[in-house]
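Quick note on labels: first sequence line is chain A, next is B, and so on, each numbered from 1.
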Amino acid sequence: MSQCGGFHSMATNCKDYDFLQIEPYWQSFWEKSKSFRAENGSTKPKYYILDMFPYPSGAGLHIGHPEGYTATDILARYKRARGLNVLHPIGWDAFGLPAEQHAVKTGTHPATNTQNNIVNFRRQIKALGFSYDWDREVDTTDPTYFRWTQWIFLQLFRRGLAYVDERPVWWCPELRTVLANEEVIDGRSEVGNFPVERRNLRQWVLRITAYAEQLLDGLKQVDWPDSTKRMQEAWIGRSEGAEVVFGLEDPSLGKLKVFTTRPDTLFGCTYMVLAPEHPLVPQLTTPAQQPLVDAYRKKTANKSDLERTDLAKEKSGVFSGSYAINPINNSRVPIWIADYVLMGYGTGAIMAVPAHDERDFEFARQFQLPITRVIEAPDGSPELPYAGDGKVVNSPGYDGLAWPEAKKKITADLAARGLGKGTVNYKLRDWLFSRQRYWGEPFPVVWVSETDYRHAASVRTDLPAEPVTFTENGQVHYALPLPDAALPLVLPDVKSYLPSGTGESPLANETAWLEIWLNVVTGASVPASAPRPSGNEWIRGRRETNTMPQWAGSCWYYLRYLDPQNPRAIASPEALKYWDVPDLYVGGAEHAVLHLLYARFWHKVLFDLGIVPQNEPFRRLFHQGIILGEDGQKMSKSRGNVVNPDDIIRKYGADSLRLYLMFLGPLEAMKPWNPQGIEGVHRFLRKVWRECLTEEGTINPRLSAAGQLSADTERLLHETIRKVGEDIEGLRFNTAISQMMILLNALQKETALPRPAILDVLRLLAPFAPHLAEELWARLGESGSIMSAGWPTFDPAKLVATSITIVIQVNGKHRGEVTAPVGASESDLLALASANPKVSPHLADKAVKRTIYVKGRLLNILV
RNA sequence: GCCCGGGUGGCGGAAUGGUAGACGCUGGGGACUUAAAAUCCCCUUUCCGCAAGGAAGUGUGGGUUCGAGUCCCACCCCGGGCACCA
């Protein structure tokens with residue numbers, strides 16, 4: 001109860017709009033009465049509205065968070081008012097680098113810092129009056145949560161979707177960890193902006209490429225911004241083409257396989273290119289070319305990817321000395337080695353068709369290689385390279401075909417001879433899933449010997465069809481998953497949070513946790529330094545030292561909200577069925593390809609496992625725009641243009657902040673913060689207050705049960721009820737607010753104010769400014785929370801005006817307007833227009849040639 | 001280079017192909033007040049005009065249409081994404 005308690009038992013009794021008193025009062029009221037609890041097992045229709053949960057950084061809530069969160073909160077409150085069982089949850093994506101870096105610096109456990117930050121975030125979020133169901137809060141670092149993150153990993157592992165590979169990865173010496181491709185921007189780390197380099201390290205990799213086609217396909221069925229769908233499409237990067245097998249001049253060296261999207265240009269292939277890392281390069285290099293090739297390979301190996309992919313630079317390459325045989329015409333083509341061909345895509349080798357590929361063209365010109373035109377431009381233009389449509393030429397047997405036809409025919413002909421086949425390639429790479437870090441989910445995997453693995457396989461049914469192995473110093477290690485029952489595998493306490501620096505995480509130094517006797521049946525363990533427990537199910541093992549990336553916990557959190565305390569499953573089948581997937585997911589566009597692709601991948605795997613009932617997790621997605629600083633620049637500490645929600649709340653209140661964030665402009669737009677603008681919405685709220693209460697804090701005597709609005713204002717009220725509802729559904733909060741302002745300006749001018757009208761206003765305003773709406777609702781003597789008062793309805797009959805204003809144009813120019821009864825005919829209007837003093841001069845002495853009448857709006861008279 | 005999104009007053013923005021600039025901010029004037037704050041009223045795209053009124057006007061240039069901020073074509077600028085993926 002607030003300190004000003006007293007007469008009104010259900011509200012504060014402050015005299016003026018004292019938001020600092022009102023807002024905490026209602027927040028604690030909601031908390032105590034569990035107003036926002038979503039009910040499992042309800043018979044009501046549901047509405048699930050999801051925010052992207054935040055990483056609880058030490059800096060606290062940024063003004064961008066409440067923008068999206070206010071939008072979803074308005075919708076959640078609106079849907080509740082309409083009688084739906086609303087699930088609106090929040091949680092913490094709390095594993096991550098900043099907490100770990102803080103731990104490295106201070107020596108305190110990252111969990112401590114993380115929990116402090118969460119407390120602060122929770123306070124700030126509650127101060128904004130968001131209607132989250134706090135009983136469903138999740139925290140990705142909580143063992144009862146990450147137990148299921150690990151469990152899902154085990155499902156992936158069991159299905160052969162997780163494997164270990166030694167591969168070149170981005171290594172950041174400063175952060176002492178590897179980073180995913182997506183975490184590297186222009187050769188520097190996204191976090192911290194440190195330089196990165198290539199290193200070969202043993203890594204866990206998830207086979208997301210196995211789902212490339214499904215991930216692409218599923219985009220057709222979701223209601224997402226087009227730009228985001230296109231970004232994912234481009235990221236997956238499907239291309240249809242063919243693998244073509246070239247013979248080698250020296251048949252003893254085998255064959256050379258290339259991928260091309262344009263098999264129709266096979267006659268135009270004048271040379272081949274292998275990536276410097278291609279395994280055939282050493283055999284194909286002739287002794288005479290050996291020194292050149294070696295030097296070139298060495299040079300490219302030291303190049304960063306940034307240098308290698310810099311388009312501005314000249315192409316480089318060397319001749320191998322060998323030749324391949326074109327399978328279509330047996331011509332002899334030289335084999336070159338060049339770094340513009342990437343080992344990671346296709347087969348790492350290409351057939352170069354300089355006439356019709358810009359990159360090949362550039363290379364051919366640089367090294368004076370022949371260029372043969374095989375596609376004719378429709379206009380006969382001789383210009384090369386030519387990548388457009390046209391007919392095939394200089395290709396005996398195929399001349400005259402349109403290129404797509406030739407592509408099919410040549411592919412089929414090669415396939416018939418066993419020299420090629422149609423294939424599909426994707427740019428999407430498997431997902432590098434491990435980090436050499438402490439502050440992440442440990443992998444529930446123990447490395448064991450082959451013998452022990454075989455033993456385990458004889459007593460366990462949850463191992464993958466093919467064992468996951470890794471060879472080190474000639475010894476093969478087998479990855480043995482912990483049984484489900486042994487989860488969660490929690491992090492041990494460590495002495496230092498600093499990565500080992502050798503590519504292993506700080507966990508590698510925790511011998512007692514790391515080197516163990518493992519019970520293969522139960523997953524129980526004892527330190528290897530202790531005597532081996534008796535029983536033949538105990539084997540020697542070493543735990544995996546990598547941890548999972550931050551993306552892991554956020555891949556499935558929307559499912560845990562459905563049934564967050566369930567100890568037996570990620571969520572019960574009933575909850576998964578009832579709540580289904582989110583009806584709306586709101587979050588920043590910066591996650592367009594990472595989080596949103598990874599989560600879709602996991603969801604599809606869970607679908608295939610029969611755990612979730614749908615194959616796409618996010619049916620409707622919306623990106624809120626970014627709020628820029630006052631100076632129109634991105635907000636940042638260094639620019640000093642950061643807006644802190646706490647300051648705004650102190651000065652204007654949470655309701656004003658919520659309203660202003662929504663009034664700033666369209667939700668999806670990027671828009672600058674204007675510190676003066678908030679005055680406008682704050683004045684509006686005070687105006688609402690004054691319409692309801694006097695300066696003494698008593699009910700405004702202007703309000704009466706008997707009063708009657710003027711016809712125009714009555715219509716405006718119904719129009720506003722209609723528009724606010726529609727605008728909320730369409731996420732057009734800015735126009736909903738301006739409509740309420742228009743209504744209030746009109747109500748203010750009315751002589752009497754019928755009580756039902758002002759109660760409607762409060763119910764419309766409640767999702768936007770919930771504290772004020774609750775307070776005034778109670779102070780006007782209404783019982784219960786305004787949230788249980790439903791949503792006002794409008795009467796369509798009241799929307800129809802009795803008279804209309806018609807704009808009169810003469811020859812398309814606006815010349816005046818006339819007022820006419822609703823049923824006025826075109827000729828009535830023409831007569832009215834001719835009589836109108838503003839219009840008549842423009843009609844004088846001229847014959848009316850034609851009129852165009854837009855019903856109820858406009859009459860255009862052509863003379 | 002390629003793919004998206006966007007250019008409207010001093011500012012944020014509003015406009016199913018039908019009165020461009022709603023709503024709000026800023027600025028100016030006025031009322032109330034001893035004064036201030038708060039509140040209320042009027043004005044606030046540009047140009048011409050004392051006014052009535054007129055003309056121009058939604059990045060630029062064309063086009064379609066009775067009528068274009070909105071549709072089409074070309075271009076300029078800003079923002080985002082991708083970038084030797086054969």
Taking only the [atom1] atom of each, what is the distance from [N] to [M] in whole angstrom?
{"N": "C41(B)", "M": "G9(B)", "atom1": "P", "answer": "28 Å"}
{"N": "G62(B)", "M": "G10(B)", "atom1": "P", "answer": "24 Å"}
{"N": "A36(B)", "M": "C32(B)", "atom1": "C1'", "answer": "12 Å"}
{"N": "G49(B)", "M": "C43(B)", "atom1": "P", "answer": "22 Å"}
{"N": "G1(B)", "M": "U16(B)", "atom1": "P", "answer": "36 Å"}
{"N": "G57(B)", "M": "A20(B)", "atom1": "C1'", "answer": "9 Å"}
{"N": "U58(B)", "M": "G7(B)", "atom1": "C1'", "answer": "9 Å"}
{"N": "G54(B)", "M": "C4(B)", "atom1": "P", "answer": "45 Å"}

Reckon [X] touches a base, only the sugar-phosphate, or nothing at all at heavy-atom distances under 4.0 Å?
{"X": "K813(A)", "answer": "sugar-phosphate"}
{"X": "Q748(A)", "answer": "sugar-phosphate"}
{"X": "P666(A)", "answer": "sugar-phosphate"}
{"X": "Q676(A)", "answer": "sugar-phosphate"}
{"X": "R815(A)", "answer": "sugar-phosphate"}
{"X": "V258(A)", "answer": "nothing"}
{"X": "R857(A)", "answer": "base"}
{"X": "K427(A)", "answer": "base"}
{"X": "L862(A)", "answer": "sugar-phosphate"}
{"X": "M351(A)", "answer": "nothing"}

Heavy atoms from C-beta onward define the side chain here; which of [options] lies closest to that of [X]?
{"X": "I742(A)", "options": "G67(B), A86(B), A22(B)", "answer": "A22(B)"}
{"X": "D357(A)", "options": "A86(B), G53(B), U19(B)", "answer": "A86(B)"}
{"X": "R230(A)", "options": "A86(B), C4(B), A15(B)", "answer": "C4(B)"}
{"X": "P672(A)", "options": "U19(B), A86(B), G12(B)", "answer": "G12(B)"}
{"X": "K671(A)", "options": "A86(B), G12(B), C82(B)", "answer": "G12(B)"}
{"X": "S738(A)", "options": "A22(B), G79(B), C25(B)", "answer": "A22(B)"}
{"X": "N734(A)", "options": "G13(B), C25(B), C66(B)", "answer": "G13(B)"}

Please state whether the phosphate of [N], meaning OP1 or OP2, lies under 4.0 angstrom from any side-chain nitrogen or oxygen of [X].
{"X": "N745(A)", "N": "C40(B)", "result": "no"}
{"X": "K749(A)", "N": "C41(B)", "result": "yes"}
{"X": "R683(A)", "N": "A38(B)", "result": "no"}
{"X": "R850(A)", "N": "C66(B)", "result": "yes"}
{"X": "Y345(A)", "N": "A86(B)", "result": "yes"}

Tell me, please, whether W235(A) has R600(A) positioned over its six-membered ring: NZ or CZ under 6.0 Å from the ring centre and within 45 degrees of its axis? no
Would you call [X] and [Y] a salt bridge, taking side-chain N to carboxylate O under 4.0 Å as the test?
{"X": "E817(A)", "Y": "K838(A)", "answer": "no"}
{"X": "K407(A)", "Y": "D264(A)", "answer": "no"}
{"X": "E726(A)", "Y": "K723(A)", "answer": "no"}

Between S239(A) and R690(A), which residue's closest nucleotide on RNA chain B lies nearer the 5′ terminus? R690(A)
The answer to which of I852(A) and Q809(A) contacts RNA chain B further toward the 5' end, by nearest nucleotide, is Q809(A)
Considering all heavy atoms, the nearest E826(A)-L859(A) contact: CG-CD1, 4.0 Å
Would you compute the distance between atom CG of L661(A) and atom OG of S656(A) and round it to the nearest 0.5 angstrom? 10.5 Å
Flag, side chain of H356(A) to backbone of A387(A), donor-acceptor distance under 3.5 Å: no
Can you tell me whether the base of G9(B) sits syn or anti, using the 90° cut around 0 to define syn? syn
Expressed in angstrom and rounded to an integer, what is the separation of [X] atom [atom1] from [N] atom [atom2]?
{"X": "W235(A)", "N": "G80(B)", "atom1": "CH2", "atom2": "P", "answer": "17 Å"}
{"X": "E679(A)", "N": "U26(B)", "atom1": "CD", "atom2": "P", "answer": "7 Å"}
{"X": "E243(A)", "N": "A86(B)", "atom1": "CD", "atom2": "P", "answer": "14 Å"}
{"X": "N860(A)", "N": "A68(B)", "atom1": "CG", "atom2": "C1'", "answer": "13 Å"}
{"X": "L829(A)", "N": "U19(B)", "atom1": "CG", "atom2": "C1'", "answer": "15 Å"}
{"X": "K634(A)", "N": "C78(B)", "atom1": "NZ", "atom2": "P", "answer": "17 Å"}
{"X": "F663(A)", "N": "C23(B)", "atom1": "CZ", "atom2": "C1'", "answer": "5 Å"}
{"X": "E362(A)", "N": "A86(B)", "atom1": "CD", "atom2": "C1'", "answer": "14 Å"}

Does the ring centre of F363(A) sit less than 6.0 Å away from the ring centre of Y271(A)? yes
Check: C66(B) base within 3.5 Å donor-acceptor of K849(A) side chain: no
Tell me which nucleotide, if any, is Watson-Crick or G-U wobble paired with [N] when both distances must be under 3.5 Å.
{"N": "C23(B)", "answer": "G12(B)"}
{"N": "U46(B)", "answer": "A55(B)"}
{"N": "C40(B)", "answer": "G30(B)"}
{"N": "A74(B)", "answer": "U60(B)"}
{"N": "G1(B)", "answer": "C82(B)"}

L693(A) and side-chain contact (heavy atoms from CB on, under 4.5 Å): which partner among N700(A), L776(A), V688(A)? L776(A)
Counting only heavy atoms not in K408(A), do more than 12 sit closer than 6.0 Å to its NZ atom? no
